[in-house]
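Right, one structure below, let's go through it.
Values in this document were obtained by computation on a predicted structure and should not be read as measured data.
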Amino acid sequence: MQHDLIAQARNWLAEDPDPETRAELAALVEAGDTQELAARFAGTLQFGTAGLRGELGAGPMRMNRSVVIRAAAGLAAYLKARGEEGGLVVIGYDARYKSADFARDTAAVMTGAGLRAAVLPRPLPTPVLAYAIRHLGAVAGVEVTASHNPPRDNGYKVYLGDGSQIVPPADGEIAAAIAAVGPLADVVRPEDGWQTLGEEVLEAYLARTDAVLAAGSPRTARTVYTAMHGVGTSVLTAAFARAGFPEPVLVAEQAEPDPAFPTVAFPNPEEPGAMDLAFATARRAAPDLIIANDPDADRCAVAVPDTAAEGGWRMLRGDEVGALLAAHLVERGASGVFAESIVSSSLLGRIAEKAGLGYEETLTGFKWIARVDGLRYGYEEALGYCVDPEGVRDKDGITAALLVAELASVLKEQGRTLLDLLDDLALAHGLHATDQLSVRVEDLSVIADAMARLREQPPTALAGLAVTSAEDLSQGTDRLPPTDGLRYHLEGARVIVRPSGTEPKLKCYLEVVVPVADAAGLPAARGRGAELLAGIKRDLAAAAGI
């Protein structure tokens, strides 16, 4: 066993083009650290519908230049097999460790394989890459990012020429092409021959952002903004300036890209503590709202003044922002289809139905939402919003921020707030309260065991509410392809349980709907909603054994 591991590591070392990971792996071999070597060589990072994502380091189970070169070579082979020889592949990257190296390696592999490659001019938001694919007529796009994962992670996200992320069967076909790549020495990687794009591609994207706003709408909302140590600051502030909004007050400690993410445990606005500096800045600046992007700026978080909240500010849930933007678009006379994933609030369907608009529910992820025919607006509870599907067929934290700021401005002119509009929606459609039970694990078998337990012994009631139907989504439904998940419908509630596609987490999405007769009944309805969610969370954790 030990001899095999050392031999595998030496073979990997002989191919590794990166002196940093070579030194790292050589030190493990020298130290005879078989436990760490076994973890690194337990298999290979699997290429799936999220592309690749994992911890940086040497070996096939880590993100590194060797793994990326193989991924790029497989993608190039897949594209050529589809007749795309000579087609353009656009490559974007964020400011994480190794992102620029991975982008350059991808460009070299594409060029060596007979495709044309163009790299974005600098670390930029993921939506700029998604936009550039269609804008430049590319056959594919690659974004090097780990989104809001911890600092030691990086990832590799693949889009095809329609500007949407890959879905089956493309992911499996690309994975097979990657597995068929031979020795790295045989992968042609010239030193140059690709194009580095200029600022004009960003200018074209920024010009497009104006299209999400209504002509002549008020632009008075004042914001505090954090990029969460990511790449959003320059692009968001440029978009706000073009639109005529007041210049956002930046959270200075988090405004510049920093791959160490020094002020947060996890660079995700949803994580506890991540917004603390933004709240502190807002208490000094007294803006109308806080806007936060995640590090690659495809997600958008919103917080609002709330005297009832600790510290005077409350982070809105993704479902709340999703409903607010939908209501705003309806008010503006939007036409087309509203779409969301199955884990998001059912309130969107009620808003669409009342407005006479189409509505679709998809599997989790914008790779599915973006493919809905006639899409006008799509959102997912994890702070993702697609407000300009003709421009960006993916979630876009920049254009979503513009639309939120426009809505806040419209309401401000009326002497109202985003919280007032949420009250209106509760009165019109019932109070839709959502929450999540999310368990991060070291050992992935914990997730498999929990899913197996729930399949074998599905709960019959949660928080005293009878389970009226239980669906195993791995079987597929008449509207959805198969996915590893479980869905429970209760009397006035809904629960979905699924493993995360991008992190070692089991995620449970909870929703309760409480009828509200009038404004006086809102506090009691909120109390009842919170009570039910807490009960469902407690009983579900017990049923899953987590």
Side-chain angles (χ1 to χ4, degrees), residues 39 42-43 46 48-50 53-55 61 146-150 152-153 264-274 315 317-319 341-346 363-365 380-383 432-475 480 482-512 529-546:
Q46 291 303 299
T49 48
R53 201 179 286 188
E55 186 179 343
M61 287 296 289
S147 188
H148 56 270
N149 275 38
R152 286 298 302 165
D153 287 5
V264 292
F266 290 94
N268 177 356
E270 291 181 296
E271 292 284 349
M315 175 99 156
R317 301 193 68 83
D319 283 318
S341 63
I342 56 173
V343 299
S344 305
S345 171
S346 60
L363 292 184
T364 310
E380 190 155 69
E381 57 74 46
L383 310 182
H432 289 62
T434 59
D435 200 358
Q436 194 180 119
L437 171 62
S438 181
V439 182
R440 185 181 289 271
V441 300
E442 293 291 328
D443 179 0
L444 289 176
S445 69
V446 173
I447 294 176
D449 290 347
M451 294 297 289
R453 182 168 172 162
L454 288 170
R455 284 191 167 102
E456 289 161 15
Q457 295 176 293
T460 56
L462 296 168
L465 302 177
V467 175
T468 55
S469 70
E471 292 172 280
D472 186 344
L473 298 176
S474 66
Q475 309 301 312
L480 298 169
T483 187
D484 186 9
L486 301 164
R487 179 162 59 180
Y488 304 113
H489 289 283
L490 299 88
E491 292 170 354
R494 184 218 63 200
V495 172
I496 292 171
V497 184
R498 60 179 281 274
S500 169
T502 55
E503 297 176 273
K505 283 183 175 181
L506 181 68
K507 291 187 161 185
C508 311
Y509 305 85
L510 325 174
E511 179 178 47
V512 299
E531 178 189 330
L532 286 171
L533 288 171
I536 291 172
K537 198 183 280 193
R538 179 194 64 236
D539 293 353
L540 185 63
I546 52 176

Scan the side chains in residues 452-459 for donor-acceptor partners under 3.5 Å anywhere in the protein, sequence neighbours excluded, and list what turns up.
from	atom 1	to	atom 2	distance (Å)
Arg453	NE	Ala543	O	3.1
Arg455	NE	Asp472	OD1	3.3
Arg455	NE	Asp472	OD2	2.9
Arg455	NH1	Asp484	OD1	3.4
Arg455	NH2	Asp472	OD1	3.2
Arg455	NH2	Asp484	OD1	2.9

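- In this structure the side chain of Leu480 reaches within 4.5 angstrom of the side chain of Arg487, judged on heavy atoms.
- Side-chain contact annotation: Thr434 with Glu381, donor-acceptor N/O pair under 3.5 Å absent.
- The shortest side-chain heavy-atom distance between Arg498 and Thr364 falls under the 4.5 Å cut-off.
- Among residues at least two apart or in separate chains, side-chain hydrogen bond (donor to acceptor under 3.5 Å, both in side chains) pairs with a member in residues 533-546 are Asp435-Lys537.
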Table please: side-chain donor-acceptor pairs of residues 442-449 below 3.5 Å, with sequence neighbours left out.
from	atom 1	to	atom 2	distance (Å)
Asp443	OD1	Ser445	N	3.0
Asp443	OD1	Ser445	OG	2.9
Asp443	OD2	Ser445	OG	2.8

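- Proximity of Arg53 to Ser147: side-chain heavy atoms (C-beta onward) are separated by under 4.5 Å at one or more points.
- The backbone N or O of Glu491 lies less than 3.5 Å from no partner atom in the side chain of Thr468, so there is not a single donor-acceptor pair.
- Minimum heavy-atom separation, Pro150 to Pro267: CA-CD, 4.3 Å.
- Across all non-hydrogen atoms, the minimal contact from Ser346 to His432 is OG-CD2, 3.5 Å.
- Using a cutoff of 4.0 Å between basic side-chain nitrogens and carboxylate oxygens, Lys507 and Glu270 are not scored as salt-bridged.
- For the atom pair CD of Glu55 and CZ of Arg152, the computed distance is 6.0 Å after rounding to the nearest 0.5 Å.
- Considering only heavy atoms from C-beta on, Leu510 comes within 4.5 Å of Val495 through its side chain.
- With rounding to the nearest 0.5 Å, the separation of CD in Gln475 from OG1 in Thr483 is 12.0 Å.
- Residues Pro482 and Ser474 share a closest heavy-atom pair of CB-O, 3.2 Å.
- Considering all non-hydrogen atoms of both residues, Glu380 and Ser341 come closest at OE2-OG, 2.6 Å.
- Side chains of Leu506 and Met451 form a contact here, defined as non-hydrogen atoms less than 4.5 Å apart.
- Within the 4.5 Å cutoff, side-chain heavy atoms of Leu540 are placed close to those of Val497.
- Interatomic distance, CG of Leu465 versus CG of Leu532, reported as 5.5 Å (0.5 Å rounding).
- Residue Ala274 comes nearest to Pro269 through the heavy atom pair CB-CA, 4.2 Å, listed as atom of the first residue, atom of the second, then distance.
- Across every non-hydrogen atom of Asp319 and Ser345, the tightest pair is OD1-N, 2.9 Å.
- Rounding to the nearest 0.5 angstrom, the gap separating the CG atom in Leu533 from the CD atom in Gln436 is 12.0 Å.
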